[in-house]
A.B. asks: 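Here it is, the structure in full.
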Protein chains: 2
Amino acid sequence: MPGRNSKKPVYSLNQQPLADFKVGVDNVIFSVDTAQNRLLVLLIMRQQEPFSNTWSLPGTLVRQGESLEDAAYRIMSEKIRVKNLYLEQLYTFGGPNRDPREDLNSFGVRYLSVSYFALVRFEEAELIADGVTGIAWYPVKQVPQLAFDHNELLAYGHRRLQNKLEYSPVAFDVLPEMFTLNDLYQLYATILGDNFSDYSNFRSRLLKLGFLSDTGIKVSRGAGRPASLYRFDAEAFAPFKNKPLVFI
Amino acid sequence: MPGRNSKKPVYSLNQQPLADFKVGVDNVIFSVDTAQNRLLVLLIMRQQEPFSNTWSLPGTLVRQGESLEDAAYRIMSEKIRVKNLYLEQLYTFGGPNRDPREDLNSFGVRYLSVSYFALVRFEEAELIADGVTGIAWYPVKQVPQLAFDHNELLAYGHRRLQNKLEYSPVAFDVLPEMFTLNDLYQLYATILGDNFSDYSNFRSRLLKLGFLSDTGIKVSRGAGRPASLYRFDAEAFAPFKNKPLVFI
DNA sequence: TCAAAAGTGTTCCCTATACACCCATGT
DNA sequence: ACATGGGTGTATAGGGAACACTTTTGA
């Protein structure tokens, strides 16, 4: 294999030039505003070309020695301070001419984008405003036109989030240590859309599964009977691991 | 942004050098040997370092002007001649030091791998033996130690195939135009493992869904009552599109 | 004492499962 | 005739959807 930086393109065995890539990572970061029952996504106002002054998903280019997941976490840490989160790879877009930068001064270098989706706790997620870049939580239902193909990416991430929620216990990664069953229900309802299930049925189904333990502690929120705080019991959940399990 | 092939690494705004990538595509290609009821995967005997003389999943490096999916299809067309197939992106591996080539004469270039999984018709898939490279269908249950992290990749692809089968009509992409319900049942049984469902229940469930149309044509295979040939009716299936639909 | 929220129970219906049984063909 | 595989029907159990009802608090 020829060395790096030879002026000629690298050829494979059958003499076809290989493409050179920079790799970007874009994150679809969701959170749930339980007060207003809205699903939010984190957007960044771009300051550079291409798509300057356009909202976009937060992204970065992968650095030397950095894994894809490292890069995904780095984006998070540069934009928000969070404790609880769930992160998972989404999809990879890599067609030529996807990124306008390929046409400019790139000299044949292509841009490939690996996307991740994340779910974080809204209450604890503190946005890092650097005074230069615009950054904001947008209700998913009201996102404007985004840069690149980010609208599609968001749609794809949204679908994936909905599936994850139905089939795996992501919710507990993002809920406080102790929570009421109504907190849990609201989380499901705002992500999956209303009418996804009756509250009392949701309740009994989950309790019957047996991995939610009642702490006995009661909390009162305004009028009404106080609610029990529950805790997710990871040990009791273990047998369900990797099993198709439907929560709704 | 600095031009290509400058001797210095490319720096982003905050002076961190970006990684340069070559992008590989690896395919997990499945087929079903209905005669012997075995799920097969296509393996290639590597001829080059690293992992020379080791079985591996068929792969290639992405060329200039070629999309990821193009590359995935190119792998297929270089190894087998197929008509019916289903292809879908799987996962992207991109950690540093994943590929031993990065240590050799790569001078900092990293190798990222985007994997695809495919399902093809075994009967029509004609392997292209070039006399040099070993190529073979291996029963999934008997695959040996593979190059790179390909065993994990295969396991991941297998799980994804099973899910796909349960929730979407992939089977019909890979079945002949007309097929008996037993053909369909066997396909499901060999991929999902036996005891996934009773035959007669599988039968009535699918027929009730209403997107399989009886052609009236009968085929006799040895002893026993002749079976009806059915056809997948894409129009009748349309309403189920994107809906969670369980076949098993 | 009444509204609001938490929590329990009941009814109905649908469907997955496990079979038993009938049908049409080759030998 | 009978073995073989295709195809139909039925009885039962469990679970989801809808909703009525009870309990415990704040105002």
Side-chain angles (χ1 to χ4, degrees), chain A residues 34-37 165-167 175-176 178-190 192-231 239-240 243-248, chain B residues 34-37 162 165-167 175-176 178-190 192-231 240 243-248:
Chain A
T34 44
Q36 301 195 58
N37 281 0
L165 208 65
E166 291 184 18
Y167 292 108
L175 241 37
M178 295 189 291
F179 49 88
T180 70
L181 286 177
N182 198 46
D183 291 338
L184 186 61
Y185 178 73
Q186 293 304 332
L187 184 70
Y188 272 79
T190 74
L192 298 179
D194 286 331
N195 320 332
F196 82 98
S197 171
D198 183 273
Y199 170 65
S200 68
N201 292 326
F202 175 79
R203 186 190 162 76
S204 35
R205 220 173 310 135
L206 274 175
L207 288 180
K208 192 163 44 173
L209 290 171
F211 51 76
L212 295 183
S213 50
D214 190 338
T215 62
I217 307 172
K218 307 283 180 186
V219 283
S220 198
R221 292 171 184 168
R225 174 173 173 174
S228 261
L229 285 177
Y230 285 80
R231 195 193 304 273
F240 298 100
K243 297 233 157 51
L245 166 70
V246 182
F247 287 84
I248 62 150
Chain B
T34 42
Q36 300 195 59
N37 280 2
Q162 295 184 140
L165 208 65
E166 292 184 18
Y167 293 108
L175 241 35
M178 294 189 292
F179 50 87
T180 70
L181 286 177
N182 199 46
D183 291 338
L184 186 61
Y185 178 72
Q186 294 304 332
L187 184 71
Y188 271 80
T190 74
L192 298 179
D194 285 332
N195 320 331
F196 81 99
S197 170
D198 184 274
Y199 169 64
S200 68
N201 291 327
F202 175 80
R203 186 193 161 75
S204 34
R205 219 173 312 135
L206 274 174
L207 288 181
K208 192 164 43 171
L209 290 171
F211 52 74
L212 295 183
S213 50
D214 191 337
T215 62
I217 307 172
K218 307 283 182 185
V219 283
S220 199
R221 291 171 184 167
R225 175 172 172 174
S228 261
L229 286 177
Y230 285 80
R231 196 193 304 274
F240 298 100
K243 296 233 156 53
L245 167 70
V246 182
F247 286 83
I248 62 150

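To find a chain, count down the sequence lines: A is the first, B the second, and so on, and within it residues start at 1. We use all heavy atoms of the structure for the numbers below, so side chains are in, but hydrogens, waters and symmetry mates are not.
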A.B. asks: Take atom CG of A:Asp214 and atom P of C:dA6, then tell me their distance rounded to the nearest Å.
C.D. replies: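 Interatomic distance, CG of A:Asp214 to P of C:dA6: 14 Å.
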A.B. asks: OP1 or OP2 of C:dT8 less than 4.0 angstrom from a side-chain nitrogen or oxygen of A:Arg203, does that happen here?
C.D. replies: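 Affirmative; the distance criterion is met.
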A.B. asks: Pick the closest DNA chain D nucleotide for B:Ser228 and for A:Gly224 by heavy atoms, then say which residue is nearer the 5' end.
C.D. replies: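 So the residue in question is B:Ser228.
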A.B. asks: How long is the line joining OH of A:Tyr199 and C1' of D:dA18, in whole Å?
C.D. replies: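 Taking atom C1' of D:dA18 as the reference, OH of A:Tyr199 is at 17 Å.
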A.B. asks: Expressed in angstrom and rounded to an integer, what is the separation of B:Leu212 atom CG from D:dG7 atom C1'?
C.D. replies: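 So the two atoms are 15 Å apart, to the nearest Å.
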A.B. asks: Classify the side-chain pair B:Thr180/B:Asn182 by whether it contains a donor and acceptor separated by less than 3.5 Å.
C.D. replies: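 Absent: no donor and acceptor within the cut-off.
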A.B. asks: Please give, in whole Å, the distance from C:dA18 P to B:Asp198 CG?
C.D. replies: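 My rounded result for the distance is 7 Å.
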A.B. asks: Rounded to the nearest angstrom, tell me the gap between atom OH in A:Tyr185 and atom P in C:dG7.
C.D. replies: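 Atom OH in A:Tyr185 sits about 14 Å away from atom P in C:dG7.
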A.B. asks: What's A:Ser200 touching, base or sugar-phosphate or nothing? Going by heavy atoms closer than 4.0 Å.
C.D. replies: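 Base, at least one base heavy atom under 4.0 Å.
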A.B. asks: Show the nearest heavy-atom pair for residues B:Asp214 and B:Leu229, with the distance to one decimal.
C.D. replies: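 Of all heavy-atom pairs spanning B:Asp214 and B:Leu229, the closest is OD1-O, 3.6 Å.
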A.B. asks: NA contact type, A:Arg205, heavy-atom cut-off 4.0 Å: base, sugar-phosphate, or nothing?
C.D. replies: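 Since only primed, P, OP1 and OP2 atoms lie under 4.0 Å of A:Arg205, the category is sugar-phosphate.
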A.B. asks: Specify the separation, in whole Å, of atom CG of A:Leu181 and atom P of C:dT8.
C.D. replies: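 These atoms are roughly 9 Å apart.
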A.B. asks: Report yes if a donor N or O on one partner sits less than 3.5 Å from an acceptor N or O on the other, where the partners are the side chain of A:Asn182 and the base of C:dA6; otherwise report no.
C.D. replies: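 Side chain to base: no pair present.
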A.B. asks: Might you point out which heavy atoms bring B:Phe202 and B:Leu181 nearest each other, and give the distance in Å?
C.D. replies: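 Heavy atoms of B:Phe202 and B:Leu181 come nearest at CE2-O, 4.4 Å.
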A.B. asks: How close or far is atom P of D:dG6 from atom CD1 of B:Ile217, stated in whole angstroms?
C.D. replies: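 Interatomic distance, CD1 of B:Ile217 to P of D:dG6: 17 Å.
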A.B. asks: Rounded to the nearest angstrom, tell me the gap between atom CZ in A:Phe196 and atom C1' in D:dG16.
C.D. replies: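 Distance check: A:Phe196 CZ to D:dG16 C1' gives 14 Å.
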A.B. asks: Hey, which of these two, B:Thr180 or A:Arg225, hits DNA chain D nearer its 5' end, going by closest nucleotide?
C.D. replies: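 Whichever sits nearer the 5' end wins; that is B:Thr180.
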A.B. asks: Can we call the ring centroids of B:Phe196 and B:Tyr185 under 6.0 Å apart?
C.D. replies: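 Ring-ring flag for B:Phe196/B:Tyr185: true, centres closer than 6.0 Å.
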A.B. asks: I need the minimum non-hydrogen distance between A:Leu187 and A:Leu165, along with the two atoms involved.
C.D. replies: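 Minimum heavy-atom contact is O-CD2, 4.5 Å.
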